[in-house]
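I have placed the structure first, in the form of structure tokens, so that the comments after it can refer back to it.
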Amino acid sequence: MLRNTFIHLPGVGPLRERSLWEHGIRDWDAFLVAAEEGRLPSSGLASAVPLIRQSQEAVRLGDAGFFKPLLPPPETWRLFGEFAERAVFLDIETTGLSPWCDEVTMIGTLAAGRPRLFIRGVNLEDFPDYVEQFPLLVTFNGSQFDVPFLRAHFPGARLDQPQIDLRFVLASLGYRGGLKTVERSLGLSRDPAIQGVDGFEAVRLWRRWRRGDPEALRRLALYNLTDVANLVELLEAAVERKCRLAGFPAEKAMLRPCPMLKPGAEILAACIAECCQEDAARKFRLA
DNA sequence: AGCCTTACTCGACCCGCGAC
DNA sequence: GTCGCGGGTCGAGTAAGGCT
């Protein structure tokens, strides 16, 4: 779907993009051929040829950042088709809502189907080096909460990647509200062990763990990784609907299959068991 | 409960096209 | 070739909503 995209060109909005598709210019290759043959629907578009070539090169090099200043934020979902395997889904837990007064307690990530947990007092400091390798972030309301919070806590971390913020993608499709509300609307379910857990309860779980309750940490980790894992399904649902609504050229709009992006419950359980084992608890108490 | 980015609205500007 | 109109894009200002 990224290769069918033209709204990153100056002077092209959704309507002109659709007009290009209707003229048979369905992707970047077709654009370059049409430019060479003088068949572009408006002469001004010929000046966009260098940008199209740069776009092709950026995809070849895996440089999603190239598109960040060019794509309107609500349209960054178009990067998913080309960068799905190199995207990192993430969600954070904190002790409150203020980046300056509260602390990050846990960060859950998921990349190419592999979950990881970063826990304060255990391995939280490993997060900046880990996140640096990914060219694309996927969050829910992360542009307003998670990323500013992480920036405040890891001032040197590389967090300038393009970001797909599912809150706004889904809202543009009519799915408004918080993460749990949207999940229910789309028929996603949660493990009964974390039914009723919300962000506020997550703060309480963290406090219980600090007072020595190892089960509280496991529950918090399951809550956090469930949030992250569900982002995969939400994104796939959103992209499918967006492609249909935008009128993407049919044969190109089909999502490439992305196997193993969402891990099964047993993989999540193994990740939680590894991070929440007793020696992690000992390390925390010594810290 | 505080923060931050985005959506939304509206006006200005640009470009293409048709009439003359 | 020039002018005027209309559709589309862009930018500034404001308000809202969701995260723990």
Side-chain angles (χ1 to χ4, degrees), chain A residues 5-23 38-48 68-77 89-108 118-120 124 137-153 159-185 194 196-210 216-217 219-221 223-228 230-231 234 238 242:
Chain A
T5 289
F6 298 108
I7 51 166
H8 64 309
L9 308 179
V12 178
L15 296 171
R16 292 210 174 108
E17 180 182 64
R18 191 182 277 253
S19 159
L20 280 167
W21 295 337
E22 286 165 2
H23 278 83
R39 286 190 294 104
L40 289 173
S42 72
S43 54
L45 283 169
S47 63
K68 188 178 178 183
L70 301 174
L71 276 178
E75 298 295 336
T76 46
W77 62 270
F89 297 74
L90 69 88
D91 182 55
I92 69 172
E93 308 304 327
T94 70
T95 55
L97 291 174
S98 169
W100 312 109
C101 307
D102 296 304
E103 294 176 333
V104 178
T105 57
M106 182 179 287
I107 305 169
F118 299 88
I119 303 172
R120 183 174 191 78
L124 194 68
L137 308 179
V138 184
T139 63
F140 190 94
N141 201 37
S143 60
Q144 303 192 20
F145 183 76
D146 301 63
V147 170
F149 220 110
L150 289 169
R151 281 206 181 103
H153 282 258
L159 287 161
D160 60 346
Q161 299 95 327
Q163 180 184 173
I164 302 176
D165 189 334
L166 280 169
R167 177 189 159 193
F168 298 105
V169 181
L170 290 160
S172 72
L173 290 163
Y175 297 98
R176 290 170 206 280
L179 177 61
K180 281 81 182 170
T181 306
V182 173
E183 282 178 9
R184 277 194 298 274
S185 305
I194 51 162
V197 177
D198 57 12
F200 194 66
E201 176 65 14
V203 178
R204 285 203 286 260
L205 286 170
W206 177 255
R207 289 182 185 147
R208 273 174 49 196
W209 139 251
R210 289 204 63 169
L217 184 67
R219 196 149 177 249
L220 177 59
Y223 167 71
N224 175 251
L225 281 184
T226 301
D227 275 4
V228 180
N230 281 351
L231 293 182
L234 292 179
K242 276 291 195 182

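A, B, ... follow the sequence lines: proteins, then strands. Residue 1 opens every chain. Basis for what follows: all heavy atoms, side chains included, without hydrogens, waters or symmetry-related copies.
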(request) Please tell me which of A/Val12 and A/Asn141 maps to the more 5' nucleotide of DNA chain C, matching each residue to the nucleotide holding its nearest heavy atom. (result) A/Val12

(request) Apply ring pair (Phe, Tyr, Trp, His ring centres under 6.0 Å) to A/Tyr223 and list each qualifying residue two or more places apart in sequence or on a separate chain. (result) none

(request) May I ask you to say what A/Gly177 touches in the nucleic acid, namely base, sugar-phosphate or nothing, with a heavy-atom cut-off under 4.0 Å? (result) sugar-phosphate

(message) Angle between the two end axes of the helix from B/dA1-C/dT20 to B/dC20-C/dG1, five base pairs per end, rounded to 10 degrees?
(response) 30°

(message) Going by side chain to side chain contact (heavy atoms under 4.5 Å, CB included), name the residues that satisfy it together with A/Leu97, two or more places apart in sequence or in a different chain.
(response) A/Phe145

(request) Output all residues satisfying salt bridge (charged side-chain N to carboxylate O under 4.0 Å, His left out) with A/Glu201, sequence neighbours left out; order by chain, then residue number. (result) A/Arg204

(message) Mind checking if A/Phe140 touches a base, just sugar-phosphate, or nothing, with heavy atoms under 4.0 Å?
(response) sugar-phosphate

(request) Please list all pairs passing the salt bridge (Lys or Arg N to Asp or Glu O under 4.0 Å) test where one or both residues lie in residues 174-184 of chain A, with sequence neighbours left out. (result) A/Lys180-A/Asp227, A/Glu183-A/Arg190

(request) Sorted by first residue and then second, give each salt bridge (Lys or Arg N to Asp or Glu O under 4.0 Å) pair with at least one member in residues 7-18 of chain A; sequence neighbours left out. (result) A/Glu17-A/Arg78

(request) Name all residues meeting the salt bridge (charged side-chain N to carboxylate O under 4.0 Å, His left out) criterion together with A/Asp146; count only those two or more places apart in sequence or in a different chain, and write none if there are none. (result) none

(request) With sequence neighbours excluded, tell me which residues meet salt bridge (charged side-chain N to carboxylate O under 4.0 Å, His left out) with A/Arg208. (result) A/Asp213

(message) The criterion is salt bridge (charged side-chain N to carboxylate O under 4.0 Å, His left out); which residues satisfy it with A/Asp160, sequence neighbours excluded?
(response) A/Arg158

(message) Can you pull out the residues from residues 94-103 of chain A that lie within a 4.0 Å heavy-atom distance of DNA chain C?
(response) A/Thr94, A/Gly96, A/Leu97

(request) For A/Ala152, check side chain to side chain contact (heavy atoms under 4.5 Å, CB included) against everything at least two apart and list the hits. (result) A/Pro99, A/Trp100

(message) I need a per-nucleotide contact map over nucleotides 7-17 of chain B, read 5' to 3'. Cutoff is protein heavy atoms under 4.0 Å; write B for the base, S for backbone only, - otherwise.
(response) SS-------S-

